[in-house]
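Remarks on the structure that follows.
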There are 2 protein chains.
Amino acid sequence: MSRKPRIRSGSGVTMHDVAKAAGVSAITVSRALNQPQQVSPHLRDKVQQAVDALGYVPSRSASALASARSRTVLVLIPSLGNTVFLDTLAGIESILAPAGYQMLIGNSHYDAEQELQLLRAYLQHRPDGLLLTGLSHAAPFDALLRQHALPAVYMMDLADDGRCCVGFSQEEAGAAITRHLLSRGKRRIGFLGAQLDERVLKRLAGYRATLAEAGLHDPSLEWLDPSPSSMQMGADMLDAALRARPDCDALFCCNDDLAIGALARCQQLGVAVPQRLAVAGFNDLQPATWCIPSLTTVATPRREIGVQAARALLNMMDGGMPDAPRVDLGFELMLRRSS
Amino acid sequence: MSRKPRIRSGSGVTMHDVAKAAGVSAITVSRALNQPQQVSPHLRDKVQQAVDALGYVPSRSASALASARSRTVLVLIPSLGNTVFLDTLAGIESILAPAGYQMLIGNSHYDAEQELQLLRAYLQHRPDGLLLTGLSHAAPFDALLRQHALPAVYMMDLADDGRCCVGFSQEEAGAAITRHLLSRGKRRIGFLGAQLDERVLKRLAGYRATLAEAGLHDPSLEWLDPSPSSMQMGADMLDAALRARPDCDALFCCNDDLAIGALARCQQLGVAVPQRLAVAGFNDLQPATWCIPSLTTVATPRREIGVQAARALLNMMDGGMPDAPRVDLGFELMLRRSS
DNA sequence: TTGTATGCGTTATCAG
DNA sequence: CTGATAACGCATACAA
């Protein structure tokens, strides 16, 4: 029977070639690279030399197939254009990269259906674990996770059902900033909301509950738009708000972009901030500290969320249960000139 | 000899399981999924049913190993925090995803050494092709590409050495905006530059050449800082510029962020724009259209660059040569109120 | 500490 | 149009 040699991928250098060059067996090369302490220093050197000389690069596909571990983690986020998630990604990478894991980044564009498609597509890579944004996902989502026995950590929010999550209470944060505005003597506090994703709606719920408790809840002070937020939209919403309710004396914006756009429009219109109108944002992005007036907002531990979520996932992928199934990293009110 | 069953990855459903359930052979399943027209409609249906019933997800690792094609493209960009590259990524994905390719995104943080490390790391995935930002890379970079016979397309700029590239002339764009400022009667035109990557330096070169030709080049009108750009930095640089050269009558900022920060500072200081000081940016990001005053800038075809670069790469990965090795997508001056 | 035999899930090759 | 077989590159189990 004749051999059937096929086209080789990559540069064509395999572990066998390295082994031959180093005068050892293939498995010794494998160990020298993956568990160096199990190989004698002498052979380790010879292998390393051969690797360098031949320019050998291990094949992740072959490794994954043989070991049933892809050393890959799927990270699903709603947007790449939002600094919040970029910071989270940076935190994740700072933990996963040194541990030898690579990230597959999926951008769902704030769409549950797209998120499900992304999961389906990326499952072909057999990721060892999953980092998710938010708690609610499309119906078949959790079923898929279970079927594939995929460890998952939920980021940005806190669940009550035993799922492993790292975040803070969006609702409590919304309530806290609203209480602050109340403490400043404001009584007709409005809400500007864009995107209207899960987290924005929870901040809104916190706002509503706090005002209701004070007997000050007024649905006509809420301006909601499901389209993506932007500074431009903040400016437009401010116009709409002041037109509809000139007596409004404070605004809680669901994020800093909206708030900064609103602030800029106030400047143009000559609306006194915070005297006539106080403005608060959410997230504490960089411009919040130097816009005029500086912006009162809620600082969120997004990078740390990435770090701790990645650590918890590493734990679960090693077979262990997470130390704590639910990590509350809290938030911090940043009180500045706009309130 | 006893069998040695191992742990299975994923949900454990393999192509063989599907084949058994459908009453066909494994290879027929493979064909039904990848080359449907080569399988009779009847069997195709049976296979599809079995796939759905079992929740089968093909293994990319096994496929890559057997076919020597990973259906994966490595995209290396200098930053994820810059809208320019996010737009490019979106353009790329719009072409690669429908073609069945997945992107591996590497963020080099504007660092050639990191970029090289990323290439090394991602080569383990045996990408079928490469999309690169800019023309100059670390020394061993091109050697690695050749060794691995990796087709590559260079984005954002134009090369003269036969490399396949899709972009526009950064130098010519810098010259064009400078000529525009000259045409407005400005004579002491300054340059604010941050990051100082390859492309910023080319814009600077275009600026210098144009002014030199007019006999107006003055090195003391250049303010350069290698750290990452931001609106804050734009504001700070404006302060420095006006302090050192109060007679400066125009500023070409190497990007919109810097320009918008400078513009904001002008507002605060009461500097009349464009009368006393004209300001121009680069890229035409969203805020450029609605900041006060609106910003004169250079619109860059970044999304289209992604689209065409991806198309060219698909071509090369199919074995063909690119239609044109060098695609100049040009740029457009957006003349607004700030000049 | 090092080596041998074998299996991971898929596709290329070639035969029917 | 369909199927049997071998091969892809590496890691596990076990033996030496």
Side-chain angles (χ1 to χ4, degrees), chain A residues 1-20 22-47 51 54 56-71 100 123-126 148, chain B residues 1-20 22-47 51 54 56-71 100 123-126 148:
Chain A
M1 313 315 285
S2 62
R3 293 283 184 84
K4 296 180 187 177
R6 299 219 209 133
I7 302 160
R8 295 193 152 187
S9 62
S11 61
V13 181
T14 78
M15 195 174 259
H16 261 98
D17 300 328
V18 175
K20 224 180 307 171
V24 299
S25 73
I27 188 62
T28 298
V29 176
S30 174
R31 282 196 277 249
L33 294 172
N34 299 320
Q35 301 141 16
Q37 72 284 10
Q38 290 193 24
V39 175
S40 68
H42 176 62
L43 286 188
R44 217 187 296 158
D45 282 354
K46 295 194 74 162
V47 167
V51 165
L54 299 178
Y56 169 68
V57 179
S59 160
R60 211 101 175 171
S61 296
S63 168
L65 196 54
S67 68
R69 305 190 66 195
S70 64
R71 296 231 148 238
L123 275 179
Q124 301 190 348
H125 290 298
R126 301 287 187 272
H148 288 262
Chain B
M1 312 313 289
S2 63
R3 293 283 183 87
K4 297 180 186 176
R6 300 221 208 129
I7 303 157
R8 292 194 156 188
S9 61
S11 62
V13 181
T14 77
M15 195 173 259
H16 262 99
D17 300 328
V18 175
K20 222 181 306 171
V24 300
S25 72
I27 188 64
T28 299
V29 175
S30 174
R31 283 196 276 250
L33 264 34
N34 299 320
Q35 302 140 18
Q37 72 285 11
Q38 290 193 23
V39 175
S40 68
H42 176 60
L43 286 188
R44 219 186 299 160
D45 282 354
K46 295 194 75 163
V47 168
V51 165
L54 298 178
Y56 168 69
V57 178
S59 160
R60 211 100 175 170
S61 296
S63 170
L65 195 56
S67 68
R69 306 191 63 197
S70 63
R71 296 232 146 237
L123 275 178
Q124 300 190 350
H125 290 299
R126 301 287 188 271
H148 288 261

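Chain A is the first sequence line, chain B the second, and so forth, proteins listed ahead of strands; every chain is numbered from 1. Only heavy atoms go into these numbers, but all of them, side chains included; no hydrogens, no water, no symmetry mates.
The distance between atom CZ of Arg69(A) and atom P of dA11(D), rounded to the nearest whole Å, is 12 Å. Between the P atom of dG3(D) and the CE atom of Met15(B) lies a distance of 13 Å, rounded to the nearest Å. As rounded to whole Å, 14 Å separates atom P of dG7(C) from atom CG of Leu65(A). Gln38(A) has its CD atom 11 Å from the C1' atom of dT2(C), to the nearest Å. Remark: P of dT10(C) and CG of Leu33(B) are 10 Å apart, rounded to the nearest angstrom. In this structure, Ile27(B) atom CD1 and dT13(C) atom C1' are separated by 10 Å, rounded to whole Å. His125(A) has its NE2 atom 14 Å from the P atom of dT10(C), to the nearest Å. The interatomic distance linking Lys46(A) (NZ) with dT1(C) (C1') rounds to 16 Å, in whole Å.
Between Ser30(B) and dT11(C) there is a side-chain N or O to OP1 or OP2 distance below 4.0 Å. Residue Ser61(B) has no polar side-chain atom (N or O) positioned under 4.0 Å from OP1 or OP2 of dC8(C). In this structure, Ser59(B) does not reach the dC8(C) phosphate: none of its side-chain N or O atoms is under 4.0 Å from OP1 or OP2.
Val29(A) comes within 4.0 angstrom of no nucleic acid atom, judged by non-hydrogen atoms across all strands.
Residues Arg60(B) and Ser25(A) both approach DNA chain C. Their nearest nucleotides, taken by heavy-atom distance, put Ser25(A) toward the 5′ side. Mapped onto DNA chain D by nearest heavy atom, Ala62(B) and Val24(B) fall at different nucleotides, with Val24(B) at the one closer to the 5' end. Comparing Ala26(A) and Ala26(B) by the nucleotide of DNA chain C whose heavy atom lies nearest to each, the residue mapping closer to the 5' end is Ala26(A).
Taking 3.5 Å as the limit, the base of dG9(D) and the side chain of Arg126(B) contain no donor-acceptor pair of atoms between them.
Residue Ser63(A) places its side chain closer to dC10(D) than to any other of dT2(D), dT2(C), dC10(D). Closest to the side chain of Arg31(B), from the set dT2(D), dG9(D), dT10(C), is dT2(D). Set against dG3(C), dA11(D), dT10(C), the side chain of Ser67(A) has dA11(D) as its closest nucleotide. Relative to the side chain of Asn34(A), the nucleotides dT2(C), dG9(C), dA11(D) differ in distance, and dA11(D) lies closest.
Remark: side-chain polar atoms of Arg71(B) are not paired, donor with acceptor, to backbone N or O of Arg60(B) under 3.5 angstrom. Checking side-chain atoms of Asp17(B) against main-chain N and O of Thr14(B) turns up a donor-acceptor pair under 3.5 Å.
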For His125(B) and Ser70(B): C-alpha separation, side-chain torsions, deciding distance, then whether side chain to side chain contact (heavy atoms under 4.5 Å, CB included) applies.
CA-CA 7 Å; His125(B) 290 299; Ser70(B) 63; 6.0 Å; no
List the steps, then state whether side chain to side chain contact (heavy atoms under 4.5 Å, CB included) holds for Leu123(B) with His148(B).
CA-CA 9 Å; Leu123(B) 275 178; His148(B) 288 261; 3.8 Å; yes
Walk me through it: do Val39(B) and Val47(B) pass the test side chain to side chain contact (heavy atoms under 4.5 Å, CB included)?
CA-CA 10 Å; Val39(B) 175; Val47(B) 168; 5.9 Å; no
